[in-house]
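Computed from heavy atoms alone, side chains included, the values below leave out hydrogens, waters and symmetry copies.
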Amino acid sequence: MDHHYKIFKPYGYLSQFIINGKKKNSKKLLGELGDFPEGTMSIGRLDEASEGLLLLTTDGKISYLINSSKIDKEYYAQVDGEITETALEAIKQGVEIGINGKKYITKPCPAFKLNTIPNFPERGKKLRDDRHGPTSWVSIILNEGKFRQVRKMTAAVGFPTLRLVRVRVGDIHLNGLEPGESLPILDIKAELGLNT
């Protein structure tokens, strides 16, 4: 029987259980956050500086499905400055970013400014404070996952990302999990809103 979990990946952790065949490394790995069954893998990745919802599974087919373009992923990004409607419109239409040294135009996607600051736990590493100027939060929903895509998109429109938190994968939400906390998911297809 396969096992599935949702976890709040904290800042500073890699989305991996093993690096180069070794479990012990100077980097912080997901296995340190719980007692997961042998063969557990993360579904997709959040880079070391990103936080939030990560799904774990022992089922490679589920991993492939969730990583596909059929499943939306929603991110909240705190950006440097008060983001403009012009910048948001550009993100919605698609912006040019670099992927492996080549130019890439991102797919059109929903994006909007959050009117209320999200109530996330304090991050392990402090962000700069208000003396450095205003910041704003945006929601960006993607069904593609290029390397550091959200960060590249906000930078491309002149508003670099300071903090990035994934809040949703399909119909599965972060919903009050604390950093490092995980919960088992009994029926992952039903939770994702997929017909079984």
Are any non-hydrogen side-chain atoms of [X] and [Y] less than 4.5 angstrom apart?
| X | Y | value |
| --- | --- | --- |
| Arg163 | Glu51 | yes |
| Asp47 | Arg148 | yes |
| Leu33 | Pro10 | yes |
| Ser136 | Lys113 | yes |
| Glu74 | Ser139 | yes |
| Ile43 | Leu56 | no |
| Leu183 | Phe8 | no |
| Gln78 | Phe159 | no |

Item checked: Straight-line distance of Leu174 CG to Glu181 CD, nearest 0.5 Å ->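 Answer rounded to 0.5 Å: 9.5 Å.
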Check: Quick one: CD on Gln93 to SG on Cys109, what's the gap to the nearest 0.5 Å?
Finding: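 Interatomic distance, Gln93 CD to Cys109 SG, rounded to 0.5 Å: 9.5 Å.
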Please check if the side chain of [X] supplies one atom and the backbone of [Y] the other of a donor-acceptor pair under 3.5 Å.
| X | Y | value |
| --- | --- | --- |
| Glu32 | Leu29 | yes |
| Glu191 | Ile188 | no |
| Arg166 | Leu53 | yes |
| Gln149 | Lys146 | yes |
| Lys6 | Pro184 | no |
| Lys189 | Asp187 | no |
| Thr106 | Val95 | yes |

State yes or no: do [X] and [Y] share one hydrophobic cluster built from I, L, V, M, F, W and Y residues joined by side-chain heavy-atom distances below 4.5 Å, directly or via other members?
| X | Y | value |
| --- | --- | --- |
| Leu14 | Phe147 | no |
| Leu177 | Val169 | yes |
| Ile141 | Val138 | no |
| Tyr13 | Phe17 | yes |

Next item on the list: Step by step, work out the side-chain contact (heavy atoms from CB on, under 4.5 Å) result for Ser15 and Glu48.
Entry: CA-CA 7 Å; Ser15 299; Glu48 198 171 352; over 6 Å; no
Next item on the list: Please find out if less than 6.0 Å separates the ring center of Tyr75 from that of Trp137.
Entry: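 No, the ring of Tyr75 stays outside the 6.0 Å limit from the ring of Trp137, centre to centre.
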Are a donor atom and an acceptor atom from the side chains of [X] and [Y] found within less than 3.5 Å of each other?
| X | Y | answer |
| --- | --- | --- |
| Glu122 | Tyr11 | no |
| Asp2 | Thr58 | yes |
| Thr57 | Ser63 | no |
| Ser50 | Arg45 | no |

Which atom pair, heavy atoms only, marks the closest approach of [X] to [Y]?
| X | Y | value |
| --- | --- | --- |
| Leu114 | Pro118 | CD1-CG, 3.9 Å |
| Ala111 | Ile91 | CB-CG2, 3.8 Å |
| Ser68 | Lys73 | O-NZ, 3.4 Å |
| Val157 | Ala90 | CG1-CB, 3.7 Å |

Notebook entry, point to check: Considering the options Leu164, Val150, Thr161, Leu88, which one meets the side-chain contact (heavy atoms from CB on, under 4.5 Å) requirement together with Ile140?
Noted result: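 Of the listed residues Leu164, Val150, Thr161, Leu88, the side-chain contact (heavy atoms from CB on, under 4.5 Å) partner of Ile140 is Val150.
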Next item on the list: Please say whether more than 12 non-hydrogen atoms of neighbouring residues, nucleotides or ligands are located less than 6.0 Å from NZ in Lys107.
Entry: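 Yes.
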Margin query: If you count every heavy atom of other residues, nucleotides or ligands that lies below 6.0 Å from Ile117 atom CD1, does the total exceed 12?
Written below: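 Atom CD1 in Ile117 is not crowded, with 12 or fewer foreign heavy atoms closer than 6.0 Å.
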Margin query: Evaluate Val79 against Leu162 for side-chain contact (heavy atoms from CB on, under 4.5 Å), listing each step before the verdict.
Written below: CA-CA 5 Å; Val79 299; Leu162 302 172; over 6 Å; no
Next item on the list: Apply side-chain contact (heavy atoms from CB on, under 4.5 Å) to Ile185 and Ile172, showing your working.
Entry: CA-CA 10 Å; Ile185 299 172; Ile172 298 176; 3.9 Å; yes
Next item on the list: Apply side-chain contact (heavy atoms from CB on, under 4.5 Å) to the pair Leu55 and Ser42, showing each step before the final yes or no.
Entry: CA-CA 6 Å; Leu55 300 180; Ser42 68; over 6 Å; no
